[in-house]
Amino acid sequence: MIEDGKIFIGASRNPDDSINKPEYLDLKFGNRHGLVTGATGTGKTVTLQVLAEGFSRAGVPVFAADIKGDLSGIAARGEAKDFLTKRAEQIGFTDYEFDQFPVIFWDLFGEKGHRVRTTVAEMGPLLLARLMDASEPQEGVINIAFKIADQAGLPLLDLKDFTSLLNYMGENATELSSQYGLISKASVGSIQRALLVLEQQGAEHFFGEPALKISDIMRTSNNGYGQISVLAADKLMMNPRLYATFLLWLLSELFEELPEVGDPEKPKLVFFFDEAHLLFNDAPKVLTERVEQVVRLIRSKGVGVYFVTQNPLDVPETVLAQLGNRAQHALRAYSPREQKAVKTAADTFRPNPAFDCATVITNLGTGEALVSTLEAKGAPSIVERTLIRPPSGRVGPLTDAERQQVMDRSPVLGVYDDDVDRESAFEILAARAKKAADADAAKRAQEEAAEQPSSTSGWSLPGFGGSNDDNQQGRGQSRGRSSGYQRETVVEAAMKSVARTVATQVGRALVRGILGSLKR
């Protein structure tokens with residue numbers, strides 16, 4: 001039942017429960033995206049594992065999030081269990097063998113995998129605003145901040161860089177507003193508070209260097225299997241917005257970096273987006289439109305995106321229309337919304353005259369799904385009621401010791417595990433502020449020395465007595481002028497420094513992509 005150029009998904013059966021035929025996903029249509037849906041406990045994770053194993057075996061790298069930890073077992077050879085061997089016999093899978101697959105574990109927190117990071121600059125203003133749940137005025141200030149950073153040569157690597165830039169913008173809001181538009185101190189303060197919340201939720205672990213290289217999730221092993229990158233997301237799911245934003249950033253990075261390849265014989269990478277509803281929950285319209293655009297265009301770069309979620313209604317119709325390969329596990333129809341979901345799921349399939357999709361969806365057993373994939377000329381196949389094949393890797397999680405063994409022989413061991421803190425916006429702005437303060441102090445000292453009569457010794461404070469009190473009014477007026485000049489000097493020094501930096505950046509303009517992320 002194993003065929004070259006295809007992934008064996010399972011075997012369809014007739015209405016009388018006899019086996020009909022094997023069901024495959026053609027690799028040349030693997031980049032036409034897909035959808036795996038179904039209620040909790042119906043077998044979505046096993047279907048995801050079967051697809052990931054199939055792509056890996058064909059030499060296609062895979063990236064998948066592991067929400068519950070169950071997917072980690074794909075790194076270990078499967079074990080003979082009654083329900084696995086029974087399913088293999090039931091579908092006539094005589095070629096069934098256990099296997100293990102090359103896995104790289106990743107974790108934003110560095111606990112269950114290698115650290116995975118990006119920089120604030122690479123995240124871009126749109127995704128950062130989404131992560132912070134920013135209002136429209138706040139999003140405008142965030143866009144201005146990125147504009148200033150790009151023009152002034154201020155690398156935004158981590159959250160302290162962005163915080164320093166916001167402090168600078170707040171202190172010079174009047175001057176900067178005349179150049180870039182209104183910068184409200186209230187909006188700046190709100191963004192700073194949102195950054196504090198992000199830090200408390202662990203987002204500081206995500207921003208920094210070394211940033212993840214796309215090439216490190218697109219590896220193949222020595223035996224020709226595609227590396228399966230598994231993101232430990234059990235802790236990450238405590239902050240669903242961070243989880244969704246991270247995966248969307250990764251998707252946008254793939255879109256920006258990979259070249260056009262048209263329709264290859266097999267995908268360059270397959271990306272599984274588990275708990276996909278988190279991506280679209282409360283998402284602004286502009287973000288949904290851009291996700292749709294990325295999903296539509298990334299196909300020509302050889303990347304297949306597979307959304308995994310409970311309900312097909314979780315995915316907007318505009319995105320749903322781009323998903324050609326589908327596996328629909330059982331849905332419950334107790335509430336009006338669930339009944340609508342069943343009807344929606346049934347209507348998206350090419351009908352099979354042998355059964356009614358809406359009725360079958362509510363009666364599917366565990367490990368059984370309605371499957372429709374793209375066939376000749378990219379047309380969807382007639383939907384079939386399919387028993388999903390058993391996985392070759394372990395069904396269930398690895399132990400901590402086994403996970404550590406996999407990490408110890410990882411091809412990226414030592415590459416991402418230590419933080420790198422090079423000079424960036426925080427250090428540059430601090431140095432500029434210190435230089436301006438030192439220059440101001442020197443000028444003030446020079447002015448005070450010039451105002452001191454040469455016959456006077458010691459020191460005195462204005463208004464506290466001393467031989468210079470008679471000249472207090474004149475000195476006060478002089479200082480009034482000096483104070484105004486001093487404030488102007490600090491601002492001018494900072495702005496001139498920015499202007500000089502901009503002048504050196506001619507021909508080095510930073511370009512941002514469709515989701516606002518920085519093109520490397």
Side-chain angles (χ1 to χ4, degrees), residues 141 144-193 195 421-508:
V141 172
I144 293 173
F146 275 80
K147 182 70 172 179
I148 292 173
D150 287 351
Q151 291 184 341
L154 299 173
L156 298 177
L157 304 182
D158 51 28
L159 290 183
K160 74 176 185 295
D161 290 326
F162 194 56
T163 300
S164 297
L165 179 57
L166 289 172
N167 288 337
Y168 167 76
M169 292 171 62
E171 292 168 357
N172 301 279
T174 303
E175 292 80 1
L176 292 175
S177 293
S178 64
Q179 284 187 272
Y180 299 99
L182 179 62
I183 299 175
S184 165
K185 291 186 178 181
S187 294
V188 172
S190 299
I191 296 170
Q192 290 173 321
R193 290 192 294 272
L195 285 177
D421 189 11
R422 62 184 173 94
E423 185 181 62
S424 53
F426 175 79
E427 290 81 11
I428 293 173
L429 288 173
R432 290 179 184 176
K434 184 178 184 304
K435 184 178 179 180
D438 290 345
D440 182 63
K443 185 176 182 62
R444 187 187 304 114
Q446 185 178 5
E447 290 177 350
E448 290 179 352
E451 292 170 358
Q452 286 265 356
S454 57
S455 60
T456 303
S457 61
W459 59 274
S460 63
L461 290 175
F464 282 81
S467 59
N468 294 324
D469 281 350
D470 293 340
N471 298 326
Q472 183 63 41
Q473 181 177 357
R475 290 172 62 186
Q477 293 172 353
S478 173
R479 286 188 179 177
R481 292 190 298 273
S482 174
S483 176
Y485 181 73
Q486 168 194 339
R487 181 178 60 82
E488 185 178 1
T489 300
V490 174
V491 174
E492 286 182 348
M495 294 307 296
K496 286 178 181 178
S497 178
V498 170
R500 285 194 297 270
T501 306
V502 172
T504 64
Q505 298 292 322
V506 175
R508 297 172 57 192

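We're numbering straight along the sequence, starting at 1. Worth saying up front: this structure is predicted, and the values here are computed from it rather than measured.
- Pro155 and Ser424 get closest at one heavy-atom pair: O-CB, 3.4 Å.
- In this structure, Glu427 and Lys160 have side chains that are in contact, with non-hydrogen atoms separated by less than 4.5 Å.
- Side chains of Asp421 and Asp158 form a contact here, defined as non-hydrogen atoms less than 4.5 Å apart.
- For the residue pair Leu156 and Ala149, the shortest heavy atom distance occurs at CD1-CB, 3.7 Å.
- Leu182 is not listed as a side-chain neighbour of Ser187, based on a closest heavy-atom distance of 4.5 Å or more.
- How far CD of Gln192 is from OG1 of Thr163: 7.0 Å, rounded to the nearest 0.5 Å.
- With rounding to the nearest 0.5 angstrom, the CG atom of Asn172 is 10.5 Å from the CD atom of Gln179.
- In this structure, Leu166 and Leu195 have side chains that are in contact, with non-hydrogen atoms separated by less than 4.5 Å.
- In this structure, the side chains of Ile191 and Val141 come closer than 4.5 Å at one or more pairs of heavy atoms.
- Separating the OG atom in Ser190 from the NZ atom in Lys185 is a distance of 14.0 Å, to the nearest 0.5 Å.
- When side chains are defined from C-beta on, Tyr180 counts as touching Gln151, because their heavy atoms get closer than 4.5 Å.
- Note that CD of Glu448 and NZ of Lys443 are 12.5 Å apart. Values are rounded to the nearest 0.5 Å.
- The structure places CD of Glu447 at 8.5 Å from CZ of Arg444, a figure rounded to the nearest 0.5 Å.
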Task: Leu429/Leu154 under side chain to side chain contact (heavy atoms under 4.5 Å, CB included): CA gap, chis, key distance, verdict - done: CA-CA 8 Å; Leu429 288 173; Leu154 299 173; 4.1 Å; yes
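- To the nearest 0.5 Å, atom CZ of residue Phe426 and atom CG of residue Leu159 are 12.5 Å apart.
- A salt bridge does not link Lys435 to Asp440: none of the charged side-chain nitrogens sits closer than 4.0 Å to a carboxylate oxygen.
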- [ ] Could you please spell out the steps behind the side chain to side chain contact (heavy atoms under 4.5 Å, CB included) verdict for Leu176 and Tyr168?
- [x] CA-CA 10 Å; Leu176 292 175; Tyr168 167 76; 3.9 Å; yes
